[in-house]
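Below you'll find the structure, written out as structure tokens, and then a few comments.
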Amino acid sequence: MKTENKLMIRALKGEKTERAPIWLMRQAGRFLPEYRKTRASANGFLDLCYTPDLAVEVTMQPIRRFGFDASIVFSDILVIPHALGQKVWFEEGVGPKLEPLKSIKDLEKLKLDNLHTHMAPVYETLGRLKEELPKETTLIGFAGAPWTVVSYMIEGGSSKDYAKAKTWAYSRPEEFDRIIDLIVDATTLYLIKQIENGAETVQLFDSWAGIWPEFALRRWCLEPCKRIIAGIKSVYPDVPVILFPRGVGDSYKFFAKESGADALGLDTTLSTEWARDHLQPHVTVQGNLDPLLLVAGGELLDRSIEKILSDLSDGPFIFNLGHGIVPQTPIENVEHMLKRVRG
Ligand SMILES: Cc1c2[nH]c(c1CCC(=O)O)Cc1[nH]c(c(CCC(=O)O)c1C)Cc1[nH]c(c(CCC(=O)O)c1C)Cc1[nH]c(c(C)c1CCC(=O)O)C2
């Protein structure tokens, strides 16, 4: 099937489709027994990301089981700092760890030169997926948005309050700009190359956008994302871009009007009525079921699915969660949700 005729792409292009396309953020992962099996055979998480045989396999798993309308290539947002030369590793049971940037001198050690060589396995995975996926399934590439990636680069891992990164940004904003700028350049090149290798749309994850006051949100989230999107569009004007500025509340409207994104991923807290009135006239919306409702199941799950569908189905809309699916999600709840959404 031609890309432009796929359900997901039609929705991304602003069409109100006959039913909502559905995929789930983090759909390949620990809630699937087949993922846990492949994961155990790999030599750590990054090995899974950089071994095309394994990455193709885990990307295909949720498609085989559920037949989602879109497939997101298996990788992680932290492959970008890794490709630039920062030390990145995943501690079992803990999560990502990085040797943190402590001063602007540490930035000089990071280089764009090896980006595409380092990412060659990811590009190969995309190319193989393009061949293997069912003909109607859309292939999504992705990257982290600059701020979310930089938060890990400075904090050295996940953080509760982003105190180091925010203090750096507020006390030496020009330095902070330089770090963000490097990630803008790397991410633009990376996403363009993902498209060249088969990605039919790309999503930028700004998972930690919701912690800034408005001036900083504009400077370090909106503006950098806008530059990446413009960079992609200058080469691939017809490839839709999805942006997920999680947690930004009312500021979602700036992202809708100014970012250049074709679609916005809505987080769980956003009112679907507000999104229908203020965002959907400008962009396609994607979301926003609470992943924990999908864990709990039952009546509240059903009512929440119905509400999202009834509020958002009159415009361009893609059904998804408001954040990634969590490992304890029962598979039967995912099957149940799919039936409800597909009618
Ligand atoms: C912040 C962030 C990261 N990674 C990502 C984000 C943005 C989205 C979000 O907010 O959830 C994005 C991501 N990470 C992963 C994907 C793969 C594709 C998919 O969505 O199926 C995607 C799109 C695989 C992964 N990335 C990770 C796993 C689990 C690793 C394992 O198997 O042990 C997977 C499947 C590890 C990871 N990677 C990251 C963290 C904080 C962790 C540890 C927490 C966790 O385990 O969920 C960084």
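Heavy atoms only: backbone and side chains are in, while hydrogens, waters and symmetry mates are out. We're numbering straight along the sequence, starting at 1. As the structure lists them, so they are numbered: ligands from 1, and atoms in each ligand from 1. Here the structure is a predicted model, which means the values were calculated and not measured.
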Looking only at distance, does W208 have an N or O less than 3.5 Å from an N or O of ligand 1?
no
I'd like to know whether CG of N43 has more than 12 heavy-atom contacts from other residues, nucleotides or ligands below 6.0 angstrom.
no
Closest by any non-hydrogen atom to atom 37 (C) of ligand 1: pick that one out of Y35, F74, F90, F31.
F90
Tell me, which pairs form a salt bridge (charged side-chain N to carboxylate O under 4.0 Å, His left out) where one or both residues lie in residues 42-54, sequence neighbours left out?
D53-R128
Quick one: which of Q27, Q203, E92, R30 has a heavy atom closest to atom 45 (C) of ligand 1?
R30
Go through ligand 1 atom by atom and flag the ones less than 4.0 Å from a non-hydrogen atom of V73.
18 (C)
For ligand 1, is there an atom lying under 4.0 Å from some heavy atom of V326?
no
Whether K97 side chain and G156 backbone form a donor-acceptor pair below 3.5 Å
no
Check each atom of ligand 1 against the heavy atoms of P96 and keep those under 4.0 Å away; list them by number with element.
40 (C), 41 (C), 42 (C), 43 (C)
Tell me whether A28 has any N or O atom under 3.5 angstrom from an N or O of ligand 1.
yes
Test item, H323 contacting ligand 1 (heavy atom, 4.0 angstrom):
yes
Filtering G93, S75, A145 for the heavy atom nearest atom 15 (C) of ligand 1 leaves S75
Test H278 against D250 for side chain to side chain donor-acceptor pair (under 3.5 Å), laying out the working first.
CA-CA 9 Å; H278 294 94; D250 269 12; over 6 Å; no
So between Y152, F205, F244, whose heavy atom ends up nearest atom 41 (C) of ligand 1?
Y152
Measure the spacing between CG of L139 and CG of L126 and express it to the nearest 0.5 Å.
5.5 Å
Going by heavy-atom distance to atom 2 (C) of ligand 1, choose the closest among I77, D76, V94, I325.
I77
For E4, does the CD atom have more than 12 heavy-atom neighbours from other residues, nucleotides or ligands under 6.0 Å away?
yes
Below 3.5 Å, N or O to N or O, backbone or side chain included: is there any such pair between T148 and ligand 1?
no
Pairs touching residues 143-165 that satisfy salt bridge (charged side-chain N to carboxylate O under 4.0 Å, His left out), sequence neighbours left out:
none
In terms of atom number and element, which parts of ligand 1 are under 4.0 angstrom from non-hydrogen atoms of S207?
7 (C), 8 (C), 9 (C), 10 (O)
Qualifying residue for ring-ring contact (aromatic ring centres under 6.0 Å, His included) with W220, from W147, Y162, F176, W168:
F176
Does some non-hydrogen atom of G324 fall short of 4.0 Å from ligand 1?
no
So among L309, L266, T17, which one has a side-chain contact (heavy atoms from CB on, under 4.5 Å) with F317?
L309
